[in-house]
Colleague: 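Structure provided below as structure tokens; questions to follow.
This is a predicted model, so every value here is computed, not measured. Naming: A, B, ... by sequence-line order, numbering from 1 per chain.
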Amino acid sequence: LERSSSGFDFSTYHTIEEIYSWMDDLVAQHPNLVSKIQIGESYEKRPLYVLKFSTGRTAKTHRPAIWIDTGIHSREWITQATGVWTANKIATEYGKDASLTAILTSMDIFLEIVTNPDGFAYTHSQNRMWRKTRSINAGSSCKGVDPNRNWDAGFGGPGASNNPCSETYHGPHPFSESETKSIADFILGHGNVMAAISIHSYSQMLMFPYGYKDEPAPDHQELDDLAKEAVDALAAVHGTRYTYGSTMHTIYQADGITIDWTYDNGVKYSYTFELRDTGRYGFLLPASQIIPTAEETWPALTKIMDHVHKHPY
Amino acid sequence: QKRFVGDQVLRVLTDKEEHIVLLRELEESEDLQLDYWAAPAKPDLPVDIRVPFPSLQPVKIFLESHGIPYTIMIEDVQTLLDEEKEAMEKARK
């Protein structure tokens, strides 16, 4: 078993309370690198916590930054677990891994591990299959909005549902969910986010804009080339094969998604991962898969982050 | 706590566009209470459907009558969840 000095077991699934408590431990263990900030609160008033990895304590303006979020679809537990492992990896590899150290010398990394805390808590307490937020929908007995259809980028198009009972319900209006609005406000308020990486499971894909329209993004070729490098790096660890490309052409039309909004708002390096699909468990991936999944995702992440670091814009 | 005893997850892998269209129509059948884990996108991409126990027979008949190939990815969802819960409790101890 892979354990941290606080006894936290990275090879098992954890509740939101355990993850939030562990985040405090991580901050305490690495006070000069890691801090915890709150960017808002969920519909059910849970704090939306983001880990900030930064070595630039005296900067008057925001340093260039990389945004990573995991688990916006609450039932995809492998993503939150990968987020935890990744946070620990960033903290422990700083000063050892030359590439990561160089990145953190001039850039900050923001990581939101439990991006949909109400849904995540609900998967642990009431319904393991819950994907959406937990907000009430006026005029419907069905709760929740798909937070990855709730962004103001092609909002409400055919790649989302207008039925509140659907798993892809887009919500009454863009950013109706505090879970998405808080991230958007944070990224816009920061003003210097250079990359946004939104991590999901499961389909073994690495995708980039657009999902809401057919045309290639202006940076399509660069994003495509970098995606290939990233999935090659990922495959080199355990042989896991990913497909890659624009969302529209890799999987399907999806409207109102995170990375289309980030891209349309100036974040050139916008990517979304779909982690492991073993063909046996769907998103109910056994905990034994957490470490291998996180291990193989890491070089893909660092490949993207390193490219962002070396290609300022 | 909601339980999923007898629910199965079926994986459809087809190279026919008409099957994809049929799977989309199936999703609209609200009485079947289907949960599409992986939505029908395009041929050669897997479609995963959690089928509640009471809907298993009509769904399988629908798939077979249209010649849509499928395999059972998860035999009993609740069994898998019980194993997951047990593993978490063991790790916590």
Colleague: For atom CD of E17(B), decide whether the heavy atoms of other residues, nucleotides or ligands shown that lie under 6.0 angstrom number more than 12.
Modeller: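 Count over threshold, so yes.
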Colleague: Hey, are the side chains of Q78(B) and R128(A) touching, using non-hydrogen atoms and a 4.5 Å cut-off?
Modeller: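 A side-chain contact is absent here, since even the closest heavy-atom pair is not under 4.5 Å.
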Colleague: To the nearest 0.5 Å, how far apart are CH2 in W77(A) and CD in E84(B)?
Modeller: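 So the CH2 of W77(A) and the CD of E84(B) are separated by 4.5 Å.
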Colleague: Find out whether R11(B) and D277(A) are in side-chain contact, i.e. whether some heavy atom of one side chain is under 4.5 Å from a heavy atom of the other.
Modeller: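 They are in side-chain contact.
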Colleague: Give the C-alpha distance, both sets of side-chain angles, the deciding distance and a yes or no for side chain to side chain contact (heavy atoms under 4.5 Å, CB included) between E18(A) and R92(B).
Modeller: CA-CA 10 Å; E18(A) 290 167 349; R92(B) 202 166 287 134; 2.6 Å; yes
Colleague: On the 0 to 90° scale, with breaks at 30° and 60°, tag the W37(B)-Y202(A) ring pair as parallel, tilted or perpendicular.
Modeller: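 Ring orientation, 0 to 90° scale: perpendicular.
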Colleague: Does E28(B) form a side chain to side chain contact (heavy atoms under 4.5 Å, CB included) with N163(A)? I'd like the steps, not just the answer.
Modeller: CA-CA 11 Å; E28(B) 301 302 317; N163(A) 176 0; over 6 Å; no
Colleague: Using heavy-atom distances under 4.5 Å, tell me whether E83(B) contacts chain A through its side chain, its backbone, both, or neither.
Modeller: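 Neither part.
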Colleague: Among S203(A), A287(A), S288(A), S125(A), single out the residue with the greatest number of heavy-atom pairs under 4.5 Å to chain B.
Modeller: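 Top option by heavy-atom pairs under 4.5 Å: S125(A).
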Colleague: Heavy atoms, side chains only, cut-off 4.5 Å: are F4(B) and N127(A) in contact?
Modeller: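 Yes; the side chains approach each other to less than 4.5 Å.
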Colleague: Which bit of H14(A) is near chain B, if near means a heavy-atom gap under 4.5 Å: side chain, backbone, both or neither?
Modeller: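 The backbone, not the side chain.
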Colleague: Around atom CD of Q1(B), are there more than 12 heavy atoms from other residues, nucleotides or ligands closer than 6.0 Å?
Modeller: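 More than 12 heavy atoms, drawn from other residues, nucleotides or ligands, come within 6.0 Å of this atom.
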Colleague: With a 4.5 Å heavy-atom cut-off (strictly below), which parts of residues 155-162 of chain A touch chain B? List them by number.
Modeller: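 Expected list: none.
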Colleague: Checking M205(A) against L45(B) for the side chain to side chain contact (heavy atoms under 4.5 Å, CB included) test, could you report, in this order, the C-alpha distance in whole Å, the side-chain angles of both residues, the deciding distance, and whether it holds?
Modeller: CA-CA 11 Å; M205(A) 293 172 177; L45(B) 278 183; 3.8 Å; yes
Colleague: Report the distance from atom CG of L284(A) to atom CD1 of I74(B), rounding to the nearest 0.5 Å.
Modeller: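 Atom-to-atom, L284(A):CG and I74(B):CD1 are 5.0 Å apart.
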Colleague: Can you establish whether the number of heavy atoms outside K213(A) located under 6.0 Å from its atom NZ is more than 12?
Modeller: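 Result for NZ/K213(A): enclosed.
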Colleague: Under 4.5 Å, counting heavy-atom pairs only, tell me which of C165(A), S166(A), G279(A) racks up the most with chain B.
Modeller: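 Winner by heavy-atom pair count: G279(A).
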Colleague: So which part of A87(B) gets closer than 4.5 Å to some heavy atom of chain A, the side chain, the backbone, both or neither?
Modeller: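 The answer is the backbone of A87(B).
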Colleague: Top residue by heavy-atom pair count (under 4.5 Å) with chain A, among R50(B), K85(B), K90(B)?
Modeller: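 Going by pairs under 4.5 Å, I would pick R50(B).
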Colleague: Between D35(B) and R75(A), is there a side-chain N and carboxylate O pair less than 4.0 Å apart?
Modeller: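 Salt bridge between D35(B) and R75(A), a charged N being under 4.0 Å from a carboxylate O: yes.
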Colleague: To the nearest 0.5 Å, what is the distance between CE (M73(B)) and OG1 (T278(A))?
Modeller: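 One finds 7.5 Å between CE of M73(B) and OG1 of T278(A).
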Colleague: Does any non-hydrogen side-chain atom of V9(B) lie less than 4.5 Å from one of Y281(A)?
Modeller: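 Side-chain contact under 4.5 Å: no.
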Colleague: Got Y36(B) and E167(A) here, is their nearest side-chain heavy-atom distance under 4.5 Å?
Modeller: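 No; the side chains remain at least 4.5 Å from each other.
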Colleague: Return yes if some donor-acceptor pair links the side-chain N/O of K42(B) with the main-chain N/O of H249(A) below 3.5 Å, else return no.
Modeller: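 Such a contact is found between K42(B) side chain and H249(A) backbone.
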Colleague: What heavy-atom pair brings L81(B) and M129(A) nearest, and what distance separates the two atoms?
Modeller: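 Result for this residue pair: CD1-CE, 3.9 Å.
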Colleague: Which atoms of T250(A) come close to chain B, meaning under 4.5 Å heavy atom to heavy atom: side chain ones, backbone ones, both, or neither?
Modeller: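 For T250(A), backbone heavy atoms alone lie under 4.5 Å from chain B.
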